[in-house]
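Notes to accompany the following structure.
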Protein chains: 2
Amino acid sequence: MLSIGRLSQETGVKVPTIRYYEQIGLMPAAERSSGNQRLYGAAARRRLSFIRHARDLGFPLEAIRDLLGLSDQPDQPCTAVDAIARAQLATIRSRIARLQALEDELMRMIGQCAHGKIAECRVIEVLGDHGQCAHDHHGTFDDAGPGR
Amino acid sequence: MLSIGRLSQETGVKVPTIRYYEQIGLMPAAERSSGNQRLYGAAARRRLSFIRHARDLGFPLEAIRDLLGLSDQPDQPCTAVDAIARAQLATIRSRIARLQALEDELMRMIGQCAHGKIAECRVIEVLGDHGQCAHDHHGTFDDAGPGR
DNA sequence: CCTTGCAGCTCTAGTCGCTAGAGAGATTAG
DNA sequence: CTAATCTCTCTAGCGACTAGAGCTGCAAGG
Ligand SMILES: [Zn+2]
Ligand SMILES: [Zn+2]
Ligand SMILES: [Zn+2]
Ligand SMILES: [Zn+2]
């Protein structure tokens with residue numbers, strides 16, 4: 001049996017994160033030692049590794065919850081599993097597309113700046129007027145911020 | 001002078017978001033009508049449009065705050081402005097790179113699945129074991145989630 | 001003049017996936 | 001035994017909003 005710290009080392013999931021997963025019911029309540037410390041066996045280790053890997057691939061926790069539930073029904077067809085994965089792929093692709101539009105626009109802005117005074121800076125100018133942009137990069141769907 | 005609702009329509013920024021920007025000091029405290037309702041002039045409109053456009057390009061609010069501060073000093077060289085824009089470009093590019101690795105891995109997973117029972121599903125299998133992956137897509141730096 | 005109904009006001013809490021810290025108790029190495 | 005490290009619970013904070021409760025303002029119709 002592993003302590004939470006060892007489990008953390010072995011899976012690469014930080015200790016408070018493991019406790020958080022337990023709190024939201026993504027990990028089952030751990031067994032406890034006589035001194036009330038969490039103890040984990042092989043099953044918990046596998047489950048946490050699965051979660052970690054799915055998180056690394058960008059799946060949201062809710063999707064992971066569903067995937068874990070499905071993987072407990074090994075005789076069902078994997079349609080639902082594959083649907084979740086394809087949805088995740090679609091999300092990733094739409095993010096990439098959006099980010100590439102932003103990349104383009106930023107490059108243009110920066111490339112056009114003559115590096116003089118702020119009064120003539122292309123960056124400030126373009127930011128003040130979307131009409132100067134090449135694409136319609138408006139954020140209809142997610143642009144995303146830092147994760148882990 | 002515009003009401004908050006009209007300003008919202010004209011700039012595409014939602015009403016609660018405008019109030020939020022005021023609260024965090026990104027927009028100055030608006031003038032008020034006799035009945036305590038916010039009123040906005042042309043300057044506020046320009047400022048909010050700038051913010052909206054910068055947000056659409058993925059700049060974090062703190063960066064936008066800096067950009068707005070800089071644009072009030074038109075005689076300074078635009079070095080700092082350009083640095084912020086380049087930093088943003090770098091962020092975007094690292095996100096794209098990461099997402100492309102994820103896209104690859106997801107495509108592989110989905111493509112290899114024979115669509116049988118969950119017990120044999122490649123998706124579940126690969127999620128359970130990063131060793132089956134082609135790349136080291138581990139999340140050292142941001143993977144991102146939904147934005148607006 | 002009065003009602004109706006939308007728009008606006010403030011304030012609080014929730015979202016996602018953690019992260020950081022306080023202040024206490026458990027365990028382990030020397 | 002002591003000191004160092006781990007672990008415990010609990011709360012609060014991040015970014016950038018979003019949703020809702022429970023008020024008030026204001027314009028148009030009858
Ligand atoms: Zn410039
Ligand atoms: Zn634009
Ligand atoms: Zn499958
Ligand atoms: Zn992997």
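So you know, we letter chains A, B, ... as the sequences are listed, proteins then strands, and number each from 1. Owing to the predicted nature of the structure, the values given are computational and were not obtained by experimental measurement.
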Round to a whole Å and report the spacing from [atom1] of [X] to [atom2] of [N].
{"X": "I18(A)", "N": "dC8(D)", "atom1": "CD1", "atom2": "C1'", "value": "14 Å"}
{"X": "I24(B)", "N": "dT18(D)", "atom1": "CD1", "atom2": "P", "value": "13 Å"}
{"X": "L39(A)", "N": "dA26(C)", "atom1": "CG", "atom2": "P", "value": "14 Å"}
{"X": "Q23(B)", "N": "dC9(C)", "atom1": "CD", "atom2": "C1'", "value": "13 Å"}
{"X": "R32(A)", "N": "dT9(D)", "atom1": "CZ", "atom2": "P", "value": "4 Å"}
{"X": "R38(A)", "N": "dA26(C)", "atom1": "CZ", "atom2": "P", "value": "15 Å"}
{"X": "Y20(A)", "N": "dT7(D)", "atom1": "OH", "atom2": "C1'", "value": "21 Å"}
{"X": "E62(B)", "N": "dC14(D)", "atom1": "CD", "atom2": "P", "value": "11 Å"}

Ignoring the backbone of [X], work out which of [options] is nearest its side chain.
{"X": "R55(B)", "options": "dC9(C), dC17(D), dT18(D)", "result": "dC17(D)"}
{"X": "Y21(A)", "options": "dC18(C), dG8(C), dT27(C)", "result": "dC18(C)"}
{"X": "K14(B)", "options": "dT18(D), dC18(C), dC8(D)", "result": "dT18(D)"}
{"X": "L61(B)", "options": "dA16(D), dC8(D), dG8(C)", "result": "dA16(D)"}
{"X": "N36(A)", "options": "dT9(D), dT18(D), dT7(D)", "result": "dT9(D)"}

Quiz item: Does the ring center of H53(B) lie less than 6.0 Å from the ring center of H137(A)?
Solution: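 Between H53(B) and H137(A), the centre distance is under 6.0 Å.
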
Exercise. Could you tell me whether the side chain of R52(A) and the main chain of T11(A) form a donor-acceptor pair under 3.5 Å?
Key: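 Checking the backbone N and O of T11(A) against the side chain of R52(A), a donor-acceptor pair under 3.5 Å is found.
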
Quiz item: Hey, does F59(B) have a side-chain heavy atom less than 4.5 Å from the side chain of L127(A)?
Solution: yes

Exercise. Compare side-chain N and O positions of S33(A) against OP1 and OP2 of dA26(C) and report whether any pair is under 4.0 Å apart.
Key: no

Quiz item: Should the pair R93(A)-E103(B) be classified as a salt bridge under the 4.0 Å nitrogen-to-oxygen rule?
Solution: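 Looking at E103(B) together with R93(A), the answer is yes, because their closest N to O distance falls below 4.0 Å.
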
Quiz prompt | salt_bridge(E105(B), R108(B)) N-O dist < 4.0 Å | solution = yes

Exercise. Remember a base hit wins even if backbone is also touched, and classify R19(A) as base, sugar-phosphate or nothing at under 4.0 Å, heavy atoms.
Key: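 Base contact.
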
Quiz item: Closer to the 5' end of DNA chain D via nearest nucleotide, is it Q37(A) or T17(B)?
Solution: Q37(A)

